[in-house]
Amino acid sequence: MLTNLKSKLPYTSLSIFSVMSALANEHRAINLSQGFPDFPVDPVLVNLVDKYMKLGYNQYAPMPGILELREIVSDFIFRQSSYRYDPKTEITITHGATQAIATAISSTIREGDEVIIFTPAYDCYAPLVELNGGTPIYVQLKHPDYSINWDAFKVQLNHRTRMVILNTPHNPSGTVISKNDLQQLQDLLQGSDILILADEVYEQIVFDENSHHSVSSFPNLASRSFKVGSFGKTLHATGWKLGYCAAPELLMSEFRKIHQYQVFSVNTPMQYAIAEYISNEAHLDIAKGYEHKRNVFLESIAQSGFKPLASQGTYFQLLDYSAISQKHEVDFAEELTIQHGVAAIPISVFYHIPQENKVLRFCFAKGEETLQKAGRLLSSVS
Ligand SMILES: Cc1ncc(COP(=O)(O)O)c(C=O)c1O
């Protein structure tokens, strides 16, 4: 018997996504909790994977990824932000954005380093900081617009601050960072050695008059940043777990030292298929489709007691239920699943210390019929 096994993450339990999905299955509820599309990947892309497998592209890819794909990522970022990453030395293809985030953190964070995380936050940042001996420092986004409180941020900066983690478009809130925010960040970090980890996995999914502003569009931010993207999000193929990291050579060479031992390289035929597929720029044009889905969902709940908060990007919509119930978010999310047949995620779980704002997150990356059915069920809740 093992008697001395000490967990490295003693406070980590089953994630809320697994819990809510299991509850949704058990009660046959419509699952708008976990963030993944329920529609198929473009058959053109699937056929390309098939083609490259049959052509025999089935052995290890080069450690940083195939050059063709890195070149296309470099071009794509250049179109987005006018900043040019060298595909040879500054871009690496990863096993999803999650690995890029893990590798960026483990290649730079050491015992005693502080890492600023804005909350509510995607769930993997803090445990990865802790695994590397760092200390997460939490700065709360302002409810209900989830904007950044730069005064609260400034207070947390000190000689131990090693990294700031930014996520835009933001999961779970669906908000996007403004140019003014990035300018403020640039001014506040000027003269310091503080790094940025920019999680931009929803960079292609921005709605209405909003735009995605990347750290790479500010040269003095790009020079200290790891920018992370996800083909899983962009190609509606979350199960393929492919993404990228772009960073200046100094940072990228440290990133690759870790990447080569964590994964060495990632899926070869899929890299070739994605490179060919996204060389057609139209295949990256996914925002309008998601904007339409968001609108279908919003229309379907227009007569309900739920009040939508602004969703400027991602495939998430927050709904405020304070006019319906005063229950805690976790309890209300369970009630909604069990009694009304729709599963969502309570926002309170994305905080270090749970905040109760009576807000749930719904994923609208689903077929129109599913969204309309969910809307009808939500409209009957009172
Ligand atoms: C904000 C954010 N970052 C990272 C990821 C992980 O991306 P991937 O599936 O490519 O690892 C997700 C997935 O939901 C996400 O929402």
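Counting convention: from 1, in listed order, for ligands and their atoms alike. Numbering of residues begins at 1 and proceeds along the displayed sequence.
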Does this structure show an ion pair linking Lys51 with Glu276, if we count only N-O contacts that are shorter than 4.0 Å?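 Yes.
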Out of Phe36, Trp240, Tyr202, whose heavy atom is nearest to atom 16 (O) of ligand 1? Tyr202
What pairs with Tyr321 under ring-ring contact (aromatic ring centres under 6.0 Å, His included), at least two apart in sequence or on another chain? Phe332
[atom] [closest protein heavy-atom partner, distance rounded to 0.1 Å]:
| atom | answer |
| --- | --- |
| atom 3 (N) of ligand 1 | Asp199 OD2, 2.6 Å |
| atom 6 (C) of ligand 1 | Thr98 OG1, 3.3 Å |
| atom 14 (O) of ligand 1 | Lys233 NZ, 2.7 Å |
| atom 7 (O) of ligand 1 | Ala97 CB, 3.5 Å |
| atom 9 (O) of ligand 1 | Lys241 NZ, 3.2 Å |

In terms of side-chain heavy atoms, does [X] have a donor or acceptor partner in [Y] at a distance below 3.5 Å?
| X | Y | answer |
| --- | --- | --- |
| Asp187 | Gln183 | yes |
| Tyr315 | His236 | no |
| Thr98 | Lys241 | yes |

Is there at least one pair of N or O atoms, one from Tyr125 and one from ligand 1, spaced under 3.5 Å apart? no
If we set the cut-off at 4.0 Å for heavy atoms, which region of [X] has an atom near ligand 1: side chain, backbone, both, or neither?
| X | result |
| --- | --- |
| Asn167 | side chain |
| Val201 | side chain |
| Phe231 | neither |

Can we call the ring centroids of Phe207 and Tyr290 under 6.0 Å apart? no
Near Gly96, which atoms of ligand 1 are under 4.0 Å from a heavy atom of that residue? 10 (O), 11 (O)
Which ligand 1 atoms are under 4.0 Å away from a heavy-atom of Ser230?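 Contacts of ligand 1 toward Ser230, numbered from 1: 8 (P), 10 (O).
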With a cut-off of 6.0 Å (strictly less than), are more than 12 heavy atoms of other residues, nucleotides or ligands near CD of Glu299? no
Show me the donor-acceptor pairs within less than 3.5 Å that the side chains of residues 364-376 make with the rest of the protein, sequence neighbours left out.
residue : atom : partner : partner atom : Å
Lys366  : NZ   : Phe36   : O            : 2.6
Glu368  : OE2  : His292  : NE2          : 2.8

